[in-house]
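This report concerns only the one structure given below.
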Amino acid sequence: MKRTWLIPTTALLTLSILFTGCSSNNSTAKESATPNDTKTTKESKNPEPVKKVKVRLSYWNKEDSIKTLLQLFKDKLPDIDVEYQFIDNKTYVDVIKTQLAAGEGPDIIGGVIDANTVKTGYFEDLTERYASKYYETGTSTATFDNKLYGLPQASWFNGVYYNVDLFAKYDLKIPTTLDEYFQVADVLKKNGIKPQAIGLKNPNVAGQSFLGLALNDFIGTTEGKQWNDDFGKGNSKMVDALEPALTTWTEYLKHGVFTKDMLGLEEEQAIDEFTSGKAAMFQAGPWYMETFKQKAPNMKIDMFPNLGTKGGPGWMVGGPGVSFGLNAKSKVKDAAYKVLDLLSTPEGQNAYWVDNKGGSSFLKGVTFEMPAEYNGAQEAFKAGNVMYPVNNWGVAGPAFLDLGKGIQEIIAGTKTPRQVLEAVDKKAVELLEKSK
């Protein structure tokens, strides 16, 4: 700690008298010493306040999901004011890309780091400063032409949360196949409980519900993983591979688990249904755990993996967490680098994880303990069954939004699975052509 030494005025006067005895001009010595030293003492007692540099950080999760990290920035970086900008997931990509195109936007940006935004020059090259600190399994999604443009945070995943007490009350076993899931759903419905709450107003939520099944029935197989890589290169079609799985997904509609009225349901409303006991299950990940505990502190929660028709350990939809990149047009890069430096320490990683418990860190040398709420999903984790297929789609990645919107149309009864997948294939081709 830097110390400021204050000398009392009486001591200065004593020193002045001593020096006067050695001087040929006593009055000059007194006049020169006392005024100057008195001024210095006053200035030391009233130091000017530290002028903070504002660094804007954007993300699509609410502030609660990184509140501990924001507090760490405040405590460890007193000269920097990290201003958090929450933008809803439904509009996040469009809002940020519009700002970047105008040469503006936040200084540190969560997500939106893809082949197109990197090619356009929106993000700073972080390779030299950070690449060696992180595992490649995490940095791969933000690396283009062997250059790193984003720092991956704790891995994310989603499975199916369930109300432990409700399952016990109706003597329900944890399902391991889709058929067993629908048996559980039928029992819950007969007892006036909604089987699963889901905010289908968000196309991303609708799309991830399907991915969970598709991973089990096709994408998670050796053949499916190859197809997934080929799709991102434009060498395979979605309709040829995923029509059977999407047709199976419509069983959720036939069994009345998902209904048309859910298309108007926001994610927050679905959370309320789950935490109030009106619904027994909810598909999501660690980012909502703090919200669950706030709304229902006595609720017992566990998770099982996303299911398919074949059984087995199941699959978690997930992968490297949000990657934070540096806006190439930022006017406060030095301060932004200090924020990223702190984020790239065990202390920074732990602060992020506190509000996102369940994931693992990609920063070398950092490990976290999995909370008890995920005990039921351990077989999937042990099998390495955690994958977000869209990470391998490259420039065709935005087509996932079209998939989610298409599934909403299936729920509304306006499109068939085949029509939806054909439309996604068309969108993927357009995106690939634009990137050439």
Side-chain angles (χ1 to χ4, degrees), residues 51-89 91-114 116-131 133-134 138-139 141-144 147-156 287 320-356 359 361-363 366:
K51 187 176 182 180
K52 292 189 175 184
V53 178
K54 180 180 290 186
V55 173
R56 292 179 298 151
L57 183 153
S58 68
Y59 189 22
W60 55 80
N61 280 345
K62 291 186 176 180
E63 189 168 336
D64 278 350
S65 69
I66 61 167
K67 62 181 181 182
T68 305
L69 179 63
L70 293 175
Q71 185 61 48
L72 179 68
F73 292 151
K74 185 176 181 180
D75 294 341
K76 297 291 185 179
L77 302 173
D79 58 332
I80 297 174
D81 178 18
V82 179
E83 180 184 277
Y84 184 64
Q85 296 185 333
F86 161 72
I87 302 172
D88 190 270
N89 191 38
T91 58
Y92 185 86
V93 173
D94 291 338
V95 169
I96 294 297
K97 285 188 175 181
T98 299
Q99 292 177 348
L100 289 173
E104 301 172 350
D107 303 293
I108 297 175
I109 301 171
V112 197
I113 305 169
D114 56 37
N116 286 328
T117 54
V118 168
K119 184 179 180 180
T120 310
Y122 291 153
F123 288 97
E124 195 81 358
D125 180 0
L126 305 176
T127 311
E128 184 176 350
R129 192 163 182 145
Y130 301 107
K133 296 183 178 182
Y134 289 86
T139 60
T141 60
T143 298
F144 301 90
K147 293 181 179 180
L148 176 66
Y149 294 92
L151 308 184
Q153 299 316 295
S155 62
W156 70 277
W287 54 90
V322 59
S323 291
F324 287 109
L326 176 57
N327 188 339
K329 295 293 179 66
S330 170
K331 297 178 181 179
V332 291
K333 286 183 182 178
D334 288 344
Y337 270 121
K338 289 182 180 179
V339 174
L340 294 178
D341 286 346
L342 181 53
L343 185 60
S344 300
T345 63
E347 189 175 16
Q349 291 292 293
N350 185 72
Y352 177 87
W353 182 79
V354 164
D355 300 311
N356 297 270
S361 175
F362 292 101
L363 185 69
V366 178

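In this structure, the side-chain contact (heavy atoms from CB on, under 4.5 Å) partners of N356, at least two apart in sequence or on a different chain, are S65, W287, Y352. A search for salt bridge (Lys or Arg N to Asp or Glu O under 4.0 Å) contacts involving D81 returns nothing, not counting sequence neighbours. Applying the salt bridge (Lys or Arg N to Asp or Glu O under 4.0 Å) test to K133 and every residue at least two apart in sequence or in another chain returns nothing. Annotation: side-chain contact (heavy atoms from CB on, under 4.5 Å) contacts of A328 (sequence neighbours excluded): E124. By the side-chain hydrogen bond (donor to acceptor under 3.5 Å, both in side chains) test, K119 is found to be paired with no residue, residues two or more places apart in sequence or in another chain being considered. For the side-chain hydrogen bond (donor to acceptor under 3.5 Å, both in side chains) test, no residue two or more places apart in sequence or in another chain qualifies with N116. Under the rule for a side-chain hydrogen bond (donor to acceptor under 3.5 Å, both in side chains), the partners of Q349 that lie at least two apart in sequence or sit in another chain are Q153, S361. Take T127 and apply the side-chain hydrogen bond (donor to acceptor under 3.5 Å, both in side chains) test, not counting sequence neighbours, and it matches D125.
Here the CZ atom belonging to F144 is positioned 6.5 Å from the OG1 atom belonging to T117, to the nearest 0.5 angstrom. If you take CG on L70 and CD on E83, they are separated by 11.0 Å, rounding to the nearest 0.5 Å. To the nearest 0.5 Å, the span separating CG on L69 from CD on E347 amounts to 10.5 Å. The structure places OG of S155 at 11.0 Å from CH2 of W353, a figure rounded to the nearest 0.5 Å. Rounding to the nearest 0.5 Å places CG of D334 at 9.5 Å from CD1 of I80.
In summary, of the residues considered (L148, I113, N327), a side-chain contact (heavy atoms from CB on, under 4.5 Å) with F123 occurs for I113 alone. For the side-chain contact (heavy atoms from CB on, under 4.5 Å) criterion with I108, the lone passing option out of V82, L343, L151, L57 is L57.
Taking both residues in full, the closest heavy atoms of F362 and P320 are given as CE1-CA, 3.5 Å, listed atom of the first, atom of the second, then distance. Residue A351 comes nearest to L72 through the heavy atom pair CB-CD2, 3.8 Å, listed as atom of the first residue, atom of the second, then distance. Heavy-atom minimum distance, A335 versus V53: CB-CG1, 3.8 Å. G321 approaches W156 most closely through the heavy-atom pair CA-CD1, 3.7 Å. The shortest non-hydrogen separation linking N61 to Y59 is ND2-OH, 3.2 Å. Here the closest heavy-atom approach between residue L326 and residue A336 is recorded as CD1-CB, 3.5 Å.
Pairs engaging residues 94-108 under the salt bridge (charged side-chain N to carboxylate O under 4.0 Å, His left out) rule: K97-D114 [sequence neighbours left out]. Applying the ring-ring contact (aromatic ring centres under 6.0 Å, His included) definition to pairs two or more places apart or across chains, none involves residues 61-82. Within the structure, side-chain hydrogen bond (donor to acceptor under 3.5 Å, both in side chains) contacts touching residues 337-346 (residues at least two apart or in different chains) are D79-K338, R129-D341, Y130-D341, Y134-S344. Residue pairs meeting the salt bridge (charged side-chain N to carboxylate O under 4.0 Å, His left out) criterion with at least one partner in residues 56-66, sequence neighbours excluded, are K62-E268.
Other residues, nucleotides and ligands place more than 12 heavy atoms under 6.0 Å from the NZ atom of K333.
Side-chain contact between I96 and P106 is present, with at least one heavy-atom pair separated by less than 4.5 Å.
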Chi angles and distances behind the side chain to side chain contact (heavy atoms under 4.5 Å, CB included) call for L100, I109: CA-CA 10 Å; L100 289 173; I109 301 171; 3.6 Å; yes

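In this structure a side-chain-to-backbone donor-acceptor pair under 3.5 Å is missing from T68 to D355. Judged by distance alone, with hydrogens and angles left aside, the side-chain atoms of Y149 form no donor-acceptor pair with the main-chain N or O of Y122 at under 3.5 Å. Formation of a donor-acceptor pair under 3.5 Å by the N89 side chain with backbone atoms of W60 is not found in this model.
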